[in-house]
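Numbers for residues simply follow the sequence, beginning at 1. One-based numbering, in listed order, for ligands and for the atoms of each. Keep in mind it's a predicted model, so treat the numbers as computed, not measured.
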Amino acid sequence: MTSSARPLLNRRLAEFGTTIFAEMSALALRTGSINLGQGFPDTDGPEEVREAAVRALRDGRGNQYPPGPGVPELRTAVAAHQERRYGLAHDPDTEVLVTAGATEAIAAALLALVEPGDEVVAFEPYYDSYAACIAMAGGTRVPVTLRPHENSFRLDLDELRAAVTDRTRLLLINTPHNPTGTVLTREELTAIAELAVERDLLVVTDEVYEHLVFDSAEHLPLATFPGMRERTVTIGSAGKTFSFTGWKVGWVTAAPELVTAVRSAKQYLTYVSSGPFQYAVAEALALPDSYFAAFREDMLAKRDLLSAGLATAGFKVFRPAGTYFVTTDIRPLGESDGFAFCRALPERAGVVAIPNAVFYDHREAGAPFVRFAFCKRTEVLADAAERLRKAFAR
Ligand SMILES: *Cc1c(COP(=O)(O)O)cnc(C)c1O
């Protein structure tokens, strides 16, 4: 220990102690609860993709440092995916960068593009790494709160416009949005694009749930909107789409100058990562449309199963149009403090969930909301729904 009274953790990170996920996962273990807190699947992705990783490893592909920008096979596959899905053409050599998951892509983009004192506008509730990465970059975060309207959380475009100042450097967008399940509409994205062009802002857009959109919702990459291709850093990941969250393979697609800037930061974070898995993900991205359709159908059924269970138990359910999370309002249960509710839930019902307040700067705005993950086996979700019904339904 140091002898001075100075805290060990520096000022930039002081507010980010340990995450709620550690506390809740420990609670889940201690009480034998079903853990619907953290968002990772309880089954692995396609067998042929797992086999592709084994083959790469056995064939000695990727066991040593892969190239800094990522292996050519994966960069080509990412470019082909963006072209096939969205008609977005990218040069695999200059406009694609492979990262250690979307997490590193977010960190590298912010560290590269934000100058100390710059303002970064982002939606709250935030994905949990955004606030910490903005802080590490020395930026100031400016939240725009997504607010509940009937069955979903919506962006107020006037609030977004008002949040932009002369100090704003970039907009950090996430669609489909974790934790609310909101998928931004064409009209909303058009307005965001117009604002970015008018105020000459950079945009970093986290689209890791691009393949998980339900019902009539459609994922539209921000980079496809007028004036956005040259100012947008698009972030994708294999973790959520292929159910291999432990592999940590993500990527950035952007104009050459932006990719070069992000790579400047990335090379001093991990340098490179996930060698053999990069080859496997290249094969995964080339899977036929039927894989992506079946994956979406499966998650849709899980969404409906858990949502119905939560509604029967008495929660108000915000039907997610995307992602594998469902946000609920606990006020119909006579509760209003999501933290207290989630701390008591394992003893009360044998289920673990996350209080959305942890994703807010304005904690009170998120107080009554609680998030459940539905990327779990059907029997696990059915069991959780039954436990919640027993604990709450009258
Ligand atoms: C899971 C998640 C990430 C992190 O993705 P990795 O590829 O596992 O690093 C980033 N953004 C959002 C919104 C997520 O839900």
Side-chain angles (χ1 to χ4, degrees), residues 19-21 25 36-42 44-45 49 53 70 74 78 81 96-111 120 122-134 136 141 143 146 153 155 171-184 203-213 219 221-222 233-253 262 265-266 269-270 272-274 277-278 280-281 284-285 295 299 303 320-327 354 356 358-360 371-376:
T19 73
I20 186 83
F21 297 104
S25 294
L36 303 184
Q38 216 164 4
F40 60 87
D42 60 357
D44 286 350
V49 176
L74 178 53
V78 167
H81 172 270
V96 179
L97 173 66
V98 176
T99 56
T103 306
E104 189 195 31
I106 294 160
L110 292 167
L111 288 168
V120 176
F123 308 142
E124 76 170 354
Y126 309 103
Y127 177 63
D128 67 340
S129 82
Y130 295 175
C133 287
I134 294 168
M136 285 193 272
R141 62 182 186 271
L146 302 182
F153 283 76
L155 169 65
L171 305 177
L172 177 51
I173 306 292
N174 172 214
T175 184
H177 183 262
N178 172 7
T180 63
T182 294
V183 175
L184 295 177
V203 177
V204 174
T205 173
D206 176 345
E207 303 184 358
V208 302
Y209 296 101
E210 63 190 306
H211 289 287
L212 280 179
V213 289
H219 174 68
L222 205 41
V233 174
T234 304
I235 294 173
S237 171
K240 308 294 162 57
T241 297
F242 300 109
S243 300
F244 289 112
T245 58
W247 288 8
K248 298 300 289 187
V249 177
W251 50 84
V252 159
T253 49
V262 176
K266 183 260 183 308
L269 293 173
T270 57
V272 292
S273 60
S274 311
F277 299 129
Q278 292 192 27
V281 170
L285 282 168
F295 176 60
M299 282 297 173
R303 176 197 73 168
T323 78
Y324 47 48
F325 299 105
V326 55
T327 285
I354 297 292
N356 283 26
V358 300
F359 306 123
Y360 286 77
R371 187 191 83 174
F372 295 82
F374 56 81
C375 48
K376 308 293 174 182

What atoms of ligand 1 come within less than 4.0 Å of a heavy atom belonging to [X]?
{"X": "Ser237", "value": "6 (P), 7 (O)"}
{"X": "Asn174", "value": "13 (C)"}
{"X": "Lys248", "value": "6 (P), 8 (O), 9 (O)"}
{"X": "Lys240", "value": "1 (C), 2 (C), 3 (C), 14 (C), 15 (O)"}

**OP:** Pick whichever of Phe244, Tyr130, Tyr127 has a heavy atom sitting closest to atom 4 (C) of ligand 1.
**Re:** Tyr127

**OP:** Search all heavy atoms of Arg371 against all heavy atoms of Gly37 and return the closest pair with its distance.
**Re:** NH2-O, 3.0 Å

Subject >> Nearest non-hydrogen partners of Ala373 and Gln38, listed with the distance >> reply: CB-O, 4.0 Å

Original post:
Going by the angle between their ring planes, with limits at 30° and 60°, are Trp247 and Phe277 parallel, tilted or perpendicular?
Top reply: parallel

Subject >> Part of Thr103 within contact of ligand 1 (heavy atoms, under 4.0 Å) >> reply: both

Subject >> Donor + acceptor pair across side chains of Thr327, Asn356 (<3.5 Å) >> reply: yes

Original post:
Is there a nitrogen or oxygen of Ala102 sitting under 3.5 Å from a nitrogen or oxygen of ligand 1?
Top reply: yes

**OP:** Report the nearest protein non-hydrogen atom to atom 15 (O) of ligand 1: residue, atom name, distance rounded to 0.1 Å.
**Re:** Tyr209 OH, 2.7 Å

Subject >> atom 13 (C) of ligand 1 - nearest protein heavy atom and its distance >> reply: Asp206 OD2, 3.4 Å

Original post:
Does the gap between the ring centers of Phe242 and Phe295 come in under 6.0 Å?
Top reply: no

Original post:
Which distance, rounded to the nearest 0.5 Å, do you find between the CG of Asn178 and the CZ of Phe123?
Top reply: 13.5 Å

Subject >> Donor-acceptor pair, side chain of Glu104 and main chain of Leu269, under 3.5 angstrom >> reply: no

